[in-house]
Amino acid sequence: MRAVVTADPILRARGVNKSYGALKVLHDVDIDVLPGEALGIVGPNGAGKTTLFGALAGSFPVTSGAISFNGIDLTGTRASDRCQLGIARTHQVPRPFLGMTVFENLLVAAQSGARLDAAAATGRAADVLRRTGLADAANRPAAALGLLDRKRLEVARALATGPKLILLDEIGGGLTESELIALVDLIQSLRSEGLTIVWIEHILHALMRVVTRLICMSEGRILAEGEPRDVMANAEVQRAYLGSSPE
Ligand SMILES: Nc1ncnc2c1ncn2[C@@H]1O[C@H](COP(=O)(O)OP(=O)(O)O)[C@@H](O)[C@H]1O
Ligand SMILES: [Mg+2]
């Protein structure tokens with residue numbers, strides 16, 4: 001099964017393989033992401049979802065395969081190059097500078113990620129604070145934030161780099177129901193701004209409110225792809241989830 005579509009994708013990956021020593025984590029993964037779409041990725045723990053994000057974002061070299069973004073071949077480019085081209089990701093374990101304020105974290109992301117000068121970075125940070133609902137928390141140290149605001153900050157740091165494509169890795173974990181609704185609202189608002197979103201999430205009811213296409217991965221392969229409800233109803237997907245605990 002290949003997650004390949006017919007329209008011109010913003011991101012295209014073909015035959016991506018990634019091994020750690022003898023452990024093969026991604027097997028010939030083909031994936032297309034369409035401009036402006038919200039694509040979901042699900043799959044049991046260890047399926048290779050986070051590794052796929054690392055491959056797309058350039059966190060490490062892949063073992064083989066080709067990835068292009070807006071028609072530009074990314075082979076040999078680093079995460080910082082891809083960030084400049086417009087690919088941003090959040091991390092499953094957030095990585096803010098805990099001793100810095102929210103605003104300072106966004107300045108750093110805008111300056112180091114997008115290489116903006118100080119004045120442009122200040123403008124970008126202010127804009128991102130407004131878009132993510134963090135304006136009231138601007139001067140608080142990241143370490144003092146509650147969980148929902150920490151999630152918002154993780155999204156905000158990615159946004160501060162000025163992405164066209166944002167990769168969200170399990171951003172919903174640990175939130176209460178009302179916090180999840182706030183997070184879903186934030187992600188929906190980014191989509192309505194025209195941002196392309198790929199969201200790995202095990203909290204299915206939150207994911208299903210946002211995504212229009214779904215991929216299920218298992219053991220480093222794409223098991224099923226298509227309309228979200230069809231994918232979740234797929235017999236192979238159901239089998240892959242047996243013994244694990246999707247919500
Ligand atoms: N840096 C690494 N070194 C060795 N093995 C890794 C590394 N990163 C991930 N893995 C292994 O790759 C597999 C897929 O992991 P991961 O991509 O994190 O899956 P998922 O995000 O779907 O839970 C797991 O078996 C994991 O232990
Ligand atoms: Mg993961």
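Given the structure is predicted, the values throughout are model-derived calculations rather than measurements. We number each residue from 1, following the sequence as shown. Whatever order the structure lists ligands and atoms in, that order sets their numbers, starting from 1.
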Legend entry - Closer than 4.0 Å: a protein non-hydrogen atom to atom 23 (O) of ligand 1: yes
Inset, instruction - Can you pull out the closest protein heavy atom to atom 11 (C) of ligand 1? Residue, atom name and distance to 0.1 Å, please. - result: Leu23 CD2, 3.9 Å
Legend entry - Thr63-Asn17 side chain donor-acceptor pair, cut-off 3.5 Å: no
Inset, instruction - Kindly confirm whether the Mg ion (ligand 2) is within less than 2.8 Å of some N/O/S atom in Thr51? - result: no
Inset, instruction - Take Arg213 and Asp230, measure what salt bridge (charged side-chain N to carboxylate O under 4.0 Å, His left out) needs, and give me the verdict at the end. - result: CA-CA 10 Å; Arg213 195 158 67 93; Asp230 294 345; over 6 Å; no
Inset, instruction - Quick one: look up the protein heavy atom nearest atom 17 (O) of ligand 1 and list residue, atom name and how far away it is. - result: Thr51 OG1, 2.5 Å
Legend entry - Candidate pair Arg157 and Leu106, rule side-chain contact (heavy atoms from CB on, under 4.5 Å), full reasoning: CA-CA 5 Å; Arg157 291 172 69 233; Leu106 300 184; 4.0 Å; yes
Inset, instruction - Measure from the Mg ion (ligand 2) to each N, O or S atom of Asn45 and report whether any distance is below 2.8 Å. - result: no
Inset, instruction - Compute both the distance and the angle, then confirm whether Lys49 meets the cation-pi test with Phe53: under 6.0 Å from the six-membered ring centre, within 45 degrees of the axis. - result: no
Inset, instruction - Find all atoms of ligand 1 within a distance of less than 4.0 Å from any non-hydrogen atom belonging to Ala47, and give their numbers and elements. - result: 19 (O), 20 (P), 22 (O)
Inset, instruction - Say whether Gly43 and ligand 1 are in contact under the criterion: heavy-atom distance to a ligand atom below 4.0 Å. - result: no
Inset, instruction - Any chance you could lay out the side-chain contact (heavy atoms from CB on, under 4.5 Å) test for Val108 and Glu104, step after step, and finish with the verdict? - result: CA-CA 6 Å; Val108 169; Glu104 287 164 347; 5.5 Å; no
Legend entry - Closest protein heavy atom (residue, atom, distance) for atom 19 (O) of ligand 1: Gly48 N, 3.2 Å
Legend entry - Closest protein heavy atom (residue, atom, distance) for atom 13 (C) of ligand 1: Val25 CG1, 3.6 Å
Legend entry - Residue among Ile215, Ile41, Leu52, Leu56 satisfying side-chain contact (heavy atoms from CB on, under 4.5 Å) with Val198: Ile41
Inset, instruction - Identify, for atom 18 (O) of ligand 1, the protein heavy atom at the shortest distance, and state residue, atom and that distance. - result: Thr50 CB, 3.7 Å
Legend entry - Distance flag for atom 26 (C) of ligand 1, protein heavy atom under 4.0 Å: no
Inset, instruction - Around atom 4 (C) of ligand 1, find the nearest protein heavy atom and jot down its residue, atom name and distance. - result: Tyr20 CG, 3.4 Å
Legend entry - Heavy-atom donor-acceptor pair, Ser68 side chain to Asp73 backbone, under 3.5 Å: no
Inset, instruction - Taking atom CG of Asp136 as the centre, report whether more than 12 heavy atoms of other residues, nucleotides or ligands fall under 6.0 Å from it. - result: no
Legend entry - Atoms in ligand 1 with a heavy atom of Asn45 nearer than 4.0 Å: 23 (O)
Legend entry - Thr132 and Arg152 side chains, donor-acceptor separation under 3.5 Å: no
